[in-house]
2 protein chains.
Amino acid sequence: MEPNTEEKIKAAAARLFTTRGFAATRTRDIAAEAGINLALLNYYFRSKENLYRIIMAENFQVFFRGALQIFQNQETGVQEKISLLVDYYIGRLLENPDIPSFVINELRTNPNALIQQAGMHEALKDTNIFSQISQYLEDRGSDMEPVHFILNLLGMTIFPFLAAPAFQSALGLEKEQFSQLLAQRKKLIPVWIDAIINANSLKASTHTS
Amino acid sequence: MEPNTEEKIKAAAARLFTTRGFAATRTRDIAAEAGINLALLNYYFRSKENLYRIIMAENFQVFFRGALQIFQNQETGVQEKISLLVDYYIGRLLENPDIPSFVINELRTNPNALIQQAGMHEALKDTNIFSQISQYLEDRGSDMEPVHFILNLLGMTIFPFLAAPAFQSALGLEKEQFSQLLAQRKKLIPVWIDAIINANSLKASTHTS
DNA sequence: AAATAATTTAATCAGATGATTAAACAGTAA
DNA sequence: TTACTGTTTAATCATCTGATTAAATTATTT
């Protein structure tokens, strides 16, 4: 029932690191949040940096592993994969809304370290996401660049979580209301993505502005 | 020609604050970057916090004022406004790619302070962006919620800049190459946005899966 | 129980960091 | 020149912060 000390520290560190970032988080705050003594943090994790790396890696796992697994599945087509991906991300992020801004922030200050650490390069080759999408777009007669496709998909899915504080404040919405709005997008985004692909494939044949 | 000391400090502070965030930026680093003595920073700006507030406000201006002005113009229709907006944002952000993650980060740690500071609430009412979009969607027979529309538009426009470090690293692209990719989106996003609206309006009449 | 190992704590250290101070310097007016 | 004002600097302060230490406490083994 009661989680052990190590887990308590990790949970506290995850909360603070993801909401405040590395530099703004004090080891004393983590200790207080975990209800333990400062020295214990160093006893279990040697240093703040080390603890951070661990938390970071786990967040990163959540952020990428699931997506990769979806694309590794040979049984499903791209269209289905898109739905699964959007569903997965929005579901996960509704539980952990701070992860995107944490990852973004980390990427800004630590560009390639993070990518390598999670073994992105190999994973990307393994799942050949790019060629899957490339083939899919080709089949549907679209001349869209796969990069744009991915940027659109992730942008529509992830950006709302990054902008959430601004929107909630600007529109005077409660957290709960905004969450419902984001949940709706699980169904909507795949439809929109589909429409975008069609737009690019029809562009050559029709000319109605 | 030579900018005065105050401007040099502000420029240096802007560079460091936007790339590292508040907590990770040392006043000594700002001083060194500006080529001045640490005490001068406090002589001109009283404190690190005060300097930060100034930089933040200016970044925020860039991020929102332009967008609001575009929507204030009574002469242009919504469709044209979208093109202008995308063009404006991508143009500005290509010059200052770090602003989005700076703003996002600030919003996370300081939710409503930022919104109020820039006078968002009044500005939003003045320009009635929401009702303009709402009306536009209605006219085109779409049942999309205006919030989703805005989230999609901003997501497709801004997200790529947030994800840039990841994409550059993962795809092994040079900064310059990725910038060109993003510049392409000035023309593409309006088309995609259009397709999305059509998708929602056609949904009721057609049933081809 | 005694001994040993694992866990936790209070106290402290060393360095970093935001800010201040007092003095030096430069330009301008009298 | 002298006096005055605004600017810049080196030196210093007080506090914060990550980390260590040595001792105390608890758990485990013999």
Side-chain angles (χ1 to χ4, degrees), chain A residues 1-60 98 102 105-106 108-110 113-114 117, chain B residues 1-60 98 102 105-106 108-110 113-114 117:
Chain A
M1 214 81 301
E2 175 85 0
N4 65 10
T5 307
E6 194 171 340
E7 285 306 319
K8 278 196 293 185
I9 297 175
K10 274 174 65 174
R15 273 194 295 277
L16 296 186
F17 278 143
T18 50
T19 51
R20 301 181 191 177
F22 177 77
T25 302
R26 318 280 154 232
T27 51
R28 282 166 173 80
D29 296 342
I30 298 175
E33 174 93 3
I36 54 103
N37 188 286
L38 167 62
L40 263 184
L41 188 149
N42 291 291
Y43 173 73
Y44 278 103
F45 295 96
R46 277 178 38 89
S47 75
K48 179 188 177 185
E49 273 217 353
N50 191 43
L51 175 56
Y52 182 72
R53 261 196 294 274
I54 293 169
I55 301 299
M56 197 188 63
E58 289 183 1
N59 272 343
F60 219 66
D98 283 321
F102 173 79
N105 207 46
E106 183 55 31
R108 183 181 54 169
T109 55
N110 222 347
L114 209 49
Q117 204 246 339
Chain B
M1 215 77 303
E2 175 86 358
N4 63 10
T5 307
E6 192 170 339
E7 285 306 318
K8 278 196 294 185
I9 297 175
K10 274 174 66 175
R15 274 194 295 278
L16 297 186
F17 279 143
T18 49
T19 51
R20 302 182 188 175
F22 177 78
T25 302
R26 315 287 154 224
T27 51
R28 279 167 175 79
D29 296 342
I30 298 175
E33 174 93 4
I36 53 106
N37 188 285
L38 168 61
L40 262 184
L41 188 150
N42 291 291
Y43 173 73
Y44 279 104
F45 295 97
R46 277 179 37 89
S47 75
K48 179 188 178 185
E49 273 217 353
N50 191 44
L51 175 56
Y52 182 72
R53 259 197 296 275
I54 293 169
I55 301 299
M56 195 188 65
E58 290 183 0
N59 272 343
F60 218 66
D98 283 321
F102 173 78
N105 205 48
E106 182 56 31
R108 182 180 55 168
T109 55
N110 221 348
L114 211 50
Q117 204 246 338

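Per chain, numbering begins at 1; letters A, B, ... match sequence-line order. Atoms considered below: every heavy atom in the structure, side chains included; atoms not considered: hydrogens, waters and symmetry mates.
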Do [X] and [Y] touch side chain to side chain, with heavy atoms closer than 4.5 Å?
| X | Y | answer |
| --- | --- | --- |
| N105(B) | R108(A) | yes |
| F45(B) | K10(B) | yes |
| L51(A) | T27(A) | no |

Strictly below 4.0 Å, heavy-atom distances to any atom of DNA chain C: list the hits from residues 11-34 of chain A, or just say none.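 Per residue number, the list is empty: none.
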Between [atom2] of [N] and [atom1] of [X], the distance in whole Å:
| X | N | atom1 | atom2 | answer |
| --- | --- | --- | --- | --- |
| L41(B) | dA10(D) | CG | C1' | 16 Å |
| E49(A) | dA19(D) | CD | P | 8 Å |
| N42(A) | dT17(D) | CG | P | 15 Å |
| L51(B) | dA19(C) | CG | P | 10 Å |
| L38(B) | dA19(C) | CG | C1' | 8 Å |
| R46(B) | dT7(D) | CZ | C1' | 19 Å |
| E6(B) | dT8(D) | CD | C1' | 15 Å |
| F45(B) | dT8(D) | CZ | P | 12 Å |

Compare the minimum distances between each of dT9(C), dA19(D), dT8(D) and the side chain of L40(B), then state the nucleotide with the smallest one.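 Shortest atom-to-atom distance from the side chain points to dT8(D).
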Among the candidates dT21(C), dA19(D), dT20(D), find the nucleotide nearest to the side-chain atoms of A39(A).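 That would be dT20(D).
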If only side-chain N and O atoms of [X] are considered, is one of them under 4.0 Å from the OP1 or OP2 phosphate oxygen of [N]?
| X | N | value |
| --- | --- | --- |
| N37(A) | dA10(C) | yes |
| Y44(B) | dT8(D) | yes |
| T5(B) | dT8(D) | yes |
| Y43(B) | dT8(D) | no |

How far does CD of E58(B) sit from CE of M56(B), to the nearest 0.5 angstrom?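 Separation between the atoms: 11.0 Å.
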Is a side-chain donor or acceptor of K48(B) paired with a backbone partner of F22(B) at a separation under 3.5 angstrom?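 Yes; at least one donor-acceptor contact below 3.5 Å.
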Parallel under 30°, tilted from 30 to 60°, perpendicular over 60°: which one fits the rings of F17(B) and Y52(B)?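 Correct class here is perpendicular.
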Minimum-distance pair of heavy atoms, taken over all atoms of N42(A) and S47(A):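 Result for this residue pair: OD1-CA, 3.9 Å.
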